[in-house]
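One is the number of the first residue; the rest follow in order along the sequence.
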Amino acid sequence: MFYSEDIIEQVRTENDIVDVIGDYVKLQKKGSSYFGLCPFHNEKSPSFSVSPHKQMYYCFGCGEGGNVISFLMKYENYTFVEAMEVLADKAGIQLPKMEYSKEARQEKDLKTKIIEINTEAAKYFHYLLRSDRGKTAYNYLAGRQLSDETIVKFGLGYSDKYSNNLYQYLKKKGYNDNELKETGLFTFDEKRGVTDKFWNRVMFPIMDANNRVIAFGGRVMGDAKPKYLNSPETRVFDKSRNLYGLNAARASRKDYLLICEGYMDVISLHQAGFNNAVAALGTAFTSRHAALIKRYVKEVVLTFDSDEAGIKAALRAIPYLRDAGLAIKILNMRPYKDPDEFIKAMGREAYEDRIKNATNYFIFQVDVEQKKYNLNDPQEKTAFHKKVAEMLLDFKDEIERDNYLESVCRTFNIPKDGLAKLVRKTGLTYVGKEDKINEEPRISKKAKKEETSVSAQRILLTYLSDKDKWFKKVAEVISPEDFIDPFYNRVATLFWEQMEGGQANPAQIMNYFEDEEEHRKVTELFVSPIRANLSIEEQEKAVNDAVLKIKKESLDYRAATATDIAELQQIIKEQNKLQKIHITLG
């Protein structure tokens with residue numbers, strides 16, 4: 001973390017969280033907190049709370065939470081430094097200058113320059129589109145039924161038919177060859193000189209999530225090849241880390257994204273009112289794309305082309321999306337090839353119906369697999385059932401696997417008992433899986449033990465956050481060193497320091513964490529419904545159970561790592577006293 005603790009705290013405390021969030025969310029005061037509709041997921045009843053006392057926000061619906069800094073990071077997709085800069089400017093605070101090495105400063109300046117040049121190029125392409133030279137390109141877009149509003153929204157443009165037109169324009173603007181070379185917009189050749197990468201094409205500026213122009217895509221208007229041409233990767237453009245249309249889609253605040261194959265699909269969907277559509281940028285879908293999507297939504301609907309290539313692309317994308325923890329559905333566009341074609345033929349409402357009736361990804365996978373077999377042949381039908389059994393082994397959770405088994409049997413008319421037996425038999429003998437079914441109880445038991453340990457640490461911190469008297473009693477029994485989990489150990493250490501200093505300040509604790517997920521976890525500790533509707537006796541039992549669990553885990557860990565007999569004897573004495581521990585909170 002670059003900024004000192006003092007400057008971070010100054011920026012945070014001089015930006016009242018109610019005022020800042022109030023610029024984005026309509027808030028109403030209820031009791032000591034403010035409530036509004038959560039900006040991070042769709043809801044009809046306000047479950048998004050902002051506490052002026054704790055200077056924290058928390059959504060009881062989706063679990064998002066944090067302080068004023070993390071809100072801007074989440075909502076605007078800012079980095080920690082970017083959020084600090086915006087809030088410092090808002091409060092009139094002068095931040096210390098970032099001390100870069102010579103190389104780092106040059107790299108930062110070059111990235112800024114590339115984005116600046118890209119922005120100039122995008123403006124120039126858009127200007128050409130609206131000029132006489134761009135009539136053919138404009139007519140092409142109009143023929144695709146794109147409105148002027150849509151053309152402006154996506155900054156569409158035209159690259160001139162002369163192969164060095166953009167180069168000459170930017171040279172006149174004062175940019176040198178070293179800078180222009182880094183943009184990927186030009187080809188430098190000793191014999192042919194400098195030529196534009198894009199010429200005589202409809203141009204699609206590619207923007208990152210913060211609306212900065214980082215690259216371009218260009219489409220021919222005839223039959224020339226390649227049909228689409230994309231910028232090469234540069235210092236500011238990584239295809240696997242960006243999605244076309246995400247800058248607009250993230251503002252939709254819908255709880256799912258429509259994943260398309262190309263630029264025109266995204267643009268057509270946005271024009272039709274589906275402003276949550278995005279597409280990969282001229283590359284196969286990757287785990288990085290999935291991780292990027294997970295930052296904004298929990299569900300995706302794949303709306304890839306309905307031809308064989310589109311089906312293969314969907315099958316390739318599914319594992320990455322599933323590994324990221326996203327819910328996945330597949331939209332059926334038959335008899336039409338792509339979203340653009342479908343909407344023009346059937347209209348928005350019909351497409352919306354297809355979204356509502358989208359197929360679960362696993363049912364889609366099984367359906368694709370089924371087409372490879374002749375089910376009128378008993379041998380091939382048996383082979384298909386065996387394949388389905390293998391596919392079901394991907395679900396390591398037994399309940400989830402049973403749910404999918406039931407759905408598959410119902411959809412494809414497969415006897416449930418027979419398939420269940422086949423899954424079990426396949427799991428015991430199938431070599432291709434990391435974890436066989438007979439190993440799962442051991443794995444889940446271990447995971448459950450770890451989850452219980454972390455849960456005790458979390459519960460105790462939650463109970464103590466605003467109970468000074470409780471903290472003093474608990475602190476006589478355990479200390480931050482007893483929190484084994486690294487994250488909760490760090491939080492406990494900071495919290496203990498605050499409480500011993502006189503007052504908890506959970507929003508300040510977040511200053512020590514930059515990761516979005518860690519911000520959410522800190523918020524859950526200090527703004528949690530866990531204590532609601534519990535009697536003092538029930539709360540006392542919960543605290544004591546947590547204390548005993550944490551202390552036992554701590555002593556077990558110390559015993560396992562003890563280095564001498566005296567230390568081990570002391571640990572055994574403490575272990576013998578465990579059952580006598582009881583903290584009275586009333």
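Taking the charged nitrogens against the carboxylate oxygens, D196 and K161 have no contact shorter than 4.0 Å, which rules out a salt bridge. We find that R212 and D208 are joined by a salt bridge, their nearest charged nitrogen and carboxylate oxygen being less than 4.0 Å apart. Salt bridge absent: E261 and R316 never bring a charged side-chain N and a carboxylate O closer than 4.0 Å. In this structure, E308 pairs ionically with K312, as a charged nitrogen and a carboxylate oxygen lie closer than 4.0 Å. The pair R241-D238 meets the salt-bridge criterion, with a side-chain N (NZ, NE, NH1 or NH2) lying under 4.0 Å from an Asp/Glu carboxylate O.
Distance alone, capped at 3.5 Å, places no donor-acceptor pair between the Q10 side chain and the D6 backbone. K90 contributes no side-chain N or O that, together with a main-chain N or O of V11, makes up a donor-acceptor pair within less than 3.5 Å. Side-chain atoms of K254 never come within 3.5 Å of backbone atoms of N276 as a donor-acceptor pair (strictly under, hydrogens ignored). Under a 3.5 Å cut-off, the side chain of Q271 and the backbone N or O of S147 do form a donor-acceptor pair. In terms of modelled atom types and a separation under 3.5 Å, the side chain of E299 and the main chain of Y256 share no donor-acceptor contact. E233 places a side-chain N or O within donor-acceptor distance of the main-chain N or O of K239, the cut-off being under 3.5 Å. For E341 (side chain) and D338 (main-chain N/O), no donor-acceptor pair under 3.5 Å exists by modelled atom type. Of the possible donor and acceptor atoms, one in the side chain of S70 sits under 3.5 Å from a partner among the backbone N and O of N67. The backbone N or O of E179 sits less than 3.5 Å from a side-chain atom of N176, completing a donor-acceptor pair.
Summarising the geometry, atom OG belonging to S268 is positioned 6.5 Å from atom CZ belonging to R144; distances are rounded to the nearest 0.5 Å. The line from CZ of R12 to CG of L87 is 11.0 Å long, rounded to the nearest 0.5 Å.
Under the 3.5 Å distance criterion, with hydrogens and angles disregarded, a donor-acceptor pair is assigned to the side chains of N247 and N211. Side chains of Y138 and D148: a donor on one and an acceptor on the other come within 3.5 Å. Between the side chains of D160 and Y169, not a single donor N or O lies within less than 3.5 Å of an accepting N or O. Defined by atom type and a distance below 3.5 Å, a donor-acceptor pair is present between the side-chain atoms of Y351 and T303. Of the N and O atoms on the side chains of Y58 and E64, not one donor lies less than 3.5 Å from an acceptor on the other residue.
Checked against the 6.0 Å centroid criterion, the rings of F125 and F216 qualify as a close aromatic pair. Taking the six-membered ring for Trp, H270 and F154 have ring centres closer than 6.0 Å. Ring-centre distance between Y263 and Y228: below the 6.0 Å cut-off.
For the pair R348 and F274, the cation sits on the ring face: its NZ or CZ lies under 6.0 Å from the ring centre, inside 45° of the axis. Remark: K197 is not positioned above the aromatic ring of F186, lacking an NZ or CZ atom under 6.0 angstrom from the ring centre and at most 45 degrees off the axis.
Below 30°, between 30° and 60°, or above 60°: for Y57 and F40 the angle between ring planes is between 30° and 60°, a tilted geometry. Between F60 and F35, the ring planes lie parallel to each other; the angle is under 30°, not in the 30° to 60° tilted range. Ring geometry for H289 against F285 counts as tilted: the plane angle lies between 30° and 60°, on a 0 to 90° scale.
A side-chain contact (heavy atoms from CB on, under 4.5 Å) with P339 holds for exactly one of L258, L331, D265; it is D265.
Under a cut-off of 6.0 angstrom, the local environment of NZ in K173 is sparse, with at most 12 non-hydrogen atoms contributed by other residues, nucleotides or ligands.
Residues K329 and N360 form no side-chain contact, since every pair of their non-hydrogen atoms from C-beta on lies 4.5 Å or further apart.
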